[in-house]
Amino acid sequence: MRTQVGIVGAGPAGLLLSHLLHLNGIESVVLETRARDQIESTIRAGVLEQGTMDLLTESGVGDRMKAEGALHHGFELAFDGKRRRIDLKDLTGHAITVYAQHEVIKDLVAARVAAGGSVVFGVSDVSIHGIETTSPSLHYVHDGQPHVLDCDFIIGCDGSQGVSRTAIPQSLRRDYERVFPFGWFGILVEGGPTAEELIYARNDRGFALVSTRSPNVQRMYFQCDPKDSVDAWSDDRIWAEMHARVDSADGQQVVDGRIFQKNIVGMRSFVSATMQHGRLFLAGDAAHIVPPTGAKGLNLAVSDVRILKNALGEYYKTGKGELLAAYSETALKRIWRAEHFSYWMTRLMHRLDDASPFEQQLQLAELEHVTTSRTAAKSMAENYVGSVVV
Ligand code: FAD
Ligand code: DHB
């Protein structure tokens, strides 16, 4: 089998790239280890930056996001008994949409299927060959049979546990990493919304986040020990913790409901550079991870894909490889900006067990500053909506 671009992984990065290449007349095949219903039901991120919304809309896969997603013009920061609003629209002219990642995945799979695109689910034993030649190939097993897919280029969109990153020789790659000593306990709740906008709360007991999915389903998170077990948390214990962390002095309370999903995720910052070697290019979580506090993970995957789509488009139109050659350098500018913002916001909002009382006061002083100085609030807002210039 032969295609122009072989894509490993049907996450947001792989599927969106395949869709955008198709719109540019470039053929691709996506190989995915999991089944379609699994990728369409895995609960992950929820915040789409303006640029992500625009790209989904321009490429014809934004209809359901517009109809069912919730446009938010600001969010709240809760700390020290106060609630302060960051007015994204006023500070940046932009907004964000809360629309679940697995809904984006459903929209992209539907678009690929409708266009007759090739997404092969349930593959195993994927391996990458010949990236230093002009005809690399992907070897894999599907339905018990071995297959070889010859390509012009291979794009590794296979997330943090995939095989693509390690296909770049270790001697050419440098990994930068910071593992946080805490995680997020995530819940999905059947019930009404607590507030019109997201609430990020800093509390001495730990961070909490109140987000939403629809008028009847809410998404919430609270800081926890990454080694904790979901079974150790009864619904009553979870609600007691959420109330203790989020309810404000003026009587605003978290709205409880029936919890129907619980999970714990660890938190780390990670960048692997270079993101390219020969005919192999990495995009999304395959090359970088951010802690979720700044809601950047999915949006960064989309920004890598936008750069790659333009670079591959130029190559197939003109035969020139300048944009492809500059891919890693171009993408890393936005990645490091988002890494810094996510790290900064994580340290600003979480209970840091290694922080001295002095440093805890600095945390509060900084929260006071970003919620009272327009200049500081604007910087936070630009990073959050993704309009910051890199
Ligand atoms: P992925 O979505 O990881 O997709 C990679 C795909 O490749 C997967 O479908 C995987 O099955 C497939 N794959 C893996 N190995 C192979 C292989 N060898 N061969 C073929 N296919 C393979 N971000 C936020 O902003 N907010 C959040 O709340 C948030 N929560 C998260 C919770 C979890 C549990 C995780 C893991 C991530 C979370 N993120 C969050 C990050 C965000 O979801 C990711 O940044 C985003 O999914 C990146 O998209 P991607 O396409 O690069 O990778
Ligand atoms: C959601 C996740 C985030 O990481 C975040 O910062 C805001 C919202 C969410 O899943 O809704």
Side-chain angles (χ1 to χ4, degrees), residues 6-18 29-36 38-49 52 69-70 72 75 96-102 104-105 108-109 119-128 138-142 154-167 183-184 186-188 197-200 207-214 217-221 263-268 270 282-305 335 338 341-342 345-346 349 384 386:
I7 299 174
V8 189
L15 289 167
L16 180 62
L17 181 63
S18 178
V29 172
V30 183
L31 303 181
E32 167 61 49
T33 45
R34 294 186 297 158
R36 179 174 174 177
Q38 276 179 297
I39 66 162
E40 290 186 341
S41 60
T42 305
I43 308 296
R44 287 196 177 177
V47 171
L48 308 183
E49 291 174 355
T52 302
H72 286 215
F75 62 81
I96 53 123
T97 289
V98 180
Y99 185 61
Q101 176 168 327
H102 67 278
V104 176
I105 295 273
L108 288 168
V109 172
V119 184
V120 190
F121 293 103
V123 304
S124 64
D125 304 294
V126 176
S127 59
I128 296 174
L138 287 166
H139 295 206
Y140 63 99
V141 173
H142 187 236
I154 293 174
I155 316 296
C157 301
D158 47 351
S160 58
Q161 308 299 319
V163 294
S164 303
R165 185 174 57 252
T166 49
W184 276 15
I187 54 172
L188 277 170
E197 295 180 337
L198 270 55
I199 304 169
Y200 289 85
F207 169 77
L209 168 61
V210 179
S211 181
T212 183
R213 283 292 176 268
S214 73
V217 176
Q218 313 309 320
R219 179 70 165 150
M220 302 185 197
Y221 302 92
N263 71 319
I264 292 177
V265 287
M267 289 179 57
R268 67 188 177 118
F270 174 77
L282 306 178
D285 278 19
H288 44 78
I289 303 288
V290 285
T293 326
K296 289 280 155 251
L298 167 61
N299 295 295
L300 267 191
V302 169
S303 107
D304 289 352
V305 163
I335 291 161
F341 176 66
S342 305
M345 197 164 159
T346 299
M349 300 306 301
Y384 192 82

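Each ligand, and each atom within it, is numbered from 1 in the order the structure gives. All residue numbers refer to positions in the sequence shown, counting from 1. Model, not experiment: these values are computed from the prediction. Reckoned from all heavy atoms, side chains included, excluding hydrogens, waters and symmetry mates.
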Nearest non-hydrogen protein atom, atom 4 (O) of ligand 1: G11 CA, 3.4 Å
Residue, atom name and distance, where the atom is the protein heavy atom closest to atom 17 (C) of ligand 1: T33 CG2, 3.6 Å
Ligand 1 versus V265: contacting region, heavy-atom distance under 4.0 Å: side chain
Ligand 1 contact on L31 by region, counting heavy-atom pairs under 4.0 Å: backbone
Minimum side-chain heavy-atom gap W184-P292 below 4.5 Å: yes
For G162, atoms of ligand 1 separated by under 4.0 Å from a heavy atom: 15 (N)
Protein heavy atom at shortest distance from atom 51 (O) of ligand 1: A13 N, 2.9 Å
For A295, atoms of ligand 1 separated by under 4.0 Å from a heavy atom: 25 (O)
Atoms in ligand 1 with a heavy atom of V126 nearer than 4.0 Å: 19 (N)
Main-chain N/O of A286 paired to R165 side chain as donor or acceptor, under 3.5 Å: yes
R44, E49, H102: member with heavy atom nearest to atom 30 (N) of ligand 1: R44
For atom 11 (O) of ligand 1, the protein heavy atom that lies nearest, with its residue and separation: E32 OE2, 2.6 Å
Nitrogen or oxygen atoms of P12 and ligand 1 under 3.5 Å apart: yes
Contacting atoms of ligand 1, where contact means under 4.0 angstrom from a heavy atom of R34: 8 (C), 9 (O), 11 (O)
Side-chain donor or acceptor of N263 paired with backbone N/O of R44 under 3.5 Å: no
Main-chain N/O of G9 paired to D158 side chain as donor or acceptor, under 3.5 Å: no
Backbone N/O of S342 and side chain of T346: donor-acceptor pair under 3.5 Å: yes
Atoms of ligand 1, numbered as shown, that sit under 4.0 Å from any heavy atom of V8: 19 (N), 20 (C)
Nearest option to atom 5 (C) of ligand 1, as decided by whichever heavy atom of C157, S211, P291 sits closest: C157
Note, I7 side chain near V29 side chain (heavy atom, < 4.5 Å): no
Y384 backbone acceptor or donor facing K296 side chain under 3.5 Å: yes
Heavy-atom nearest neighbour in the protein, as seen from atom 52 (O) of ligand 1, with distance rounded to 0.1 Å: D285 N, 2.9 Å
Backbone of A301 reached by a side-chain donor or acceptor of H288 within 3.5 Å: no
Check: E49 side chain, N299 main-chain N or O, donor-acceptor pair, under 3.5 Å: no
G297: numbered ligand 1 atoms lying under 4.0 Å from its heavy atoms: 25 (O), 45 (O)
Heavy-atom donor-acceptor pair, T42 side chain to I39 backbone, under 3.5 Å: no
Aromatic plane relationship, F75 with Y200 - under 30° parallel, 30 to 60° tilted, over 60° perpendicular: perpendicular
Validation row: H102, S41 side chains within 4.5 angstrom (heavy atoms): no
Option passing side-chain contact (heavy atoms from CB on, under 4.5 Å) with V30 (candidates V119, V120, V8): V119
For K296, atoms of ligand 1 separated by under 4.0 Å from a heavy atom: 25 (O)
Residue shell around ligand 2, heavy atom under 4.0 angstrom: R44, A45, G46, V47, W184, L198, Y200, L209, S211, R213, R219, Y221, P292, T293, A295
Atom pair CG/CZ of L188 and R219 - distance to nearest 0.5 Å: 4.5 Å
Geometric N/O contact Y221 with ligand 1, under 3.5 angstrom: yes
Distance-only N or O hit between ligand 1 and Q161, under 3.5 Å: no
Distance from atom 43 (O) of ligand 1 to nearest protein heavy atom, with residue and atom: Q101 OE1, 2.7 Å
Nearest neighbour in protein (non-hydrogen) for atom 14 (C) of ligand 1: D158 O, 3.1 Å
Atom indices of ligand 1 within 4.0 angstrom of G159 heavy atoms, with elements: 3 (O), 5 (C), 53 (O)
Considering all heavy atoms, the nearest L198-V47 contact: CD2-CG2, 4.0 Å
Pick from I43, V163, V302: the one approaching atom 18 (N) of ligand 1 most closely through a non-hydrogen atom: V163
N or O pair under 3.5 Å between S160 and ligand 1: no
Interatomic distance, I105 atom CD1 to L16 atom CG [nearest 0.5 angstrom]: 10.0 Å
Point-to-point distance, once rounded to the nearest 0.5 Å, from CZ of R36 to CD of E40: 4.5 Å
Given V290, T52, V305, D285, the one that forms side-chain contact (heavy atoms from CB on, under 4.5 Å) with L300: V290
For atom 40 (C) of ligand 1, the protein heavy atom that lies nearest, with its residue and separation: A45 CB, 3.7 Å
